[in-house]
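Shown next, in structure tokens, is the structure this report addresses.
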Amino acid sequence: MTYNGLSPKTYGGFESVEDNRWRKNREGMGYSGQNLTLGIDDAAKSEGDHRLGRWLKSGVPIYREADNKGHIFTADAKTAGEKIAGFLQGAVEIADRDGVFYDQVSTVGIQTAGEIYPQWLPVDVADEDIPARFGVSPL
């Protein structure tokens, strides 16, 4: 099943899901943001700090495959030689209300440059894994 992020949907509470404190400012969002299709694999489906229920959180690191499909950047992806392409610009619904995961989500925005606070990302990301086009600011 494929989900199109442009279709109408009901959101609900974003108190923890749409936490944008990791973004120091909006620089990089309009100029170097990119869209891609996000594959919903085992890394996305697993329980963890990267998601809340059926939602992936804003700021989750994403890498891009050669076919331009994005996936969550994990330790396994790093071991395989993948690099972070950017961070999710907003929360992404990866399952329906019954908890059935989609195979992929079309039209997901990632921020590919800008100033960030790594301490506020929803998952731990090593400084050396953050691309140089991101300015890293201490709190």
Side-chain angles (χ1 to χ4, degrees):
M1 173 169 52
T2 300
Y3 175 74
N4 180 349
L6 298 177
S7 64
K9 58 188 164 210
T10 304
Y11 284 103
F14 274 115
E15 296 81 21
S16 299
V17 179
E18 192 66 64
D19 183 354
N20 290 309
R21 291 178 293 177
W22 62 274
R23 204 179 276 133
K24 182 176 181 181
N25 55 40
R26 299 176 62 88
E27 184 67 32
M29 287 183 64
Y31 303 109
S32 57
Q34 298 177 2
N35 292 330
L36 48 75
T37 297
L38 183 67
I40 309 304
D41 55 15
D42 291 338
K45 295 175 185 178
S46 66
E47 294 291 331
D49 293 336
H50 64 286
R51 74 179 181 94
L52 181 64
R54 61 193 175 112
W55 298 91
L56 287 180
K57 296 178 180 179
S58 171
V60 169
I62 302 296
Y63 74 90
R64 179 176 320 157
E65 292 182 331
D67 64 356
N68 205 35
K69 185 180 280 188
H71 295 277
I72 293 176
F73 182 79
T74 62
D76 290 340
K78 181 178 179 176
T79 301
E82 301 295 348
K83 306 285 185 206
I84 294 174
F87 300 91
L88 285 179
Q89 286 185 342
V92 175
E93 186 178 25
I94 62 170
D96 63 20
R97 289 181 176 219
D98 295 324
V100 178
F101 287 98
Y102 305 122
D103 296 325
Q104 63 185 21
V105 178
S106 301
T107 319
V108 173
I110 61 171
Q111 183 169 339
T112 57
E115 294 287 324
I116 65 171
Y117 296 113
Q119 302 89 333
W120 289 114
L121 291 170
V123 296
D124 290 332
V125 178
D127 288 344
E128 66 269 9
D129 293 332
I130 298 173
R133 60 189 178 277
F134 284 95
V136 176
S137 298
L139 288 177

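- The aromatic rings of Phe73 and Tyr63 sit perpendicular to each other, their planes meeting at more than 60°, with 30° as the lower class boundary.
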Check against salt bridge (Lys or Arg N to Asp or Glu O under 4.0 Å), Lys78 and Glu128: CA-CA 11 Å; Lys78 181 178 179 176; Glu128 66 269 9; 3.5 Å; yes
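- Side-chain atoms of Ile72 and Pro61, non-hydrogen and from C-beta on, never get closer than 4.5 Å to each other.
- Contact annotation: the side chain of Arg64 never approaches that of Lys69 to less than 4.5 Å [non-hydrogen atoms, C-beta and beyond].
- No more than 12 heavy atoms of other residues, nucleotides or ligands sit less than 6.0 Å from atom NZ of Lys83.
- Annotation: side chain of Thr74 is not in contact with side chain of His50 (no heavy-atom distance under 4.5 Å).
- Under a 3.5 Å cut-off, the side chain of Asp96 and the backbone N or O of Asp98 do form a donor-acceptor pair.
- The neighbour count for Asp42 CG, taken as heavy atoms of other residues, nucleotides or ligands under 6.0 Å away, does not exceed 12.
- The shortest distance between side-chain heavy atoms of Leu88 and Ser58 does not fall below 4.5 Å.
- Residues Val105 and Ile40 are in side-chain contact: their nearest non-hydrogen atoms beyond the backbone lie under 4.5 Å apart.
- Using a 4.5 Å heavy-atom cutoff, the side chains of Lys57 and Leu52 are in contact.
- Nearest approach of Trp22 to Gln111, heavy atoms of both residues: CH2-OE1, 3.5 Å.
- Looking only at distances, no side-chain donor or acceptor of Glu65 sits under 3.5 Å from a matching main-chain atom of Asp67.
- In this structure, the side chains of Ile62 and Phe87 stay at 4.5 Å or more apart for every pair of heavy atoms.
- Counting heavy atoms from C-beta outward, Leu36 and Thr107 have side chains that stay 4.5 Å or more apart.
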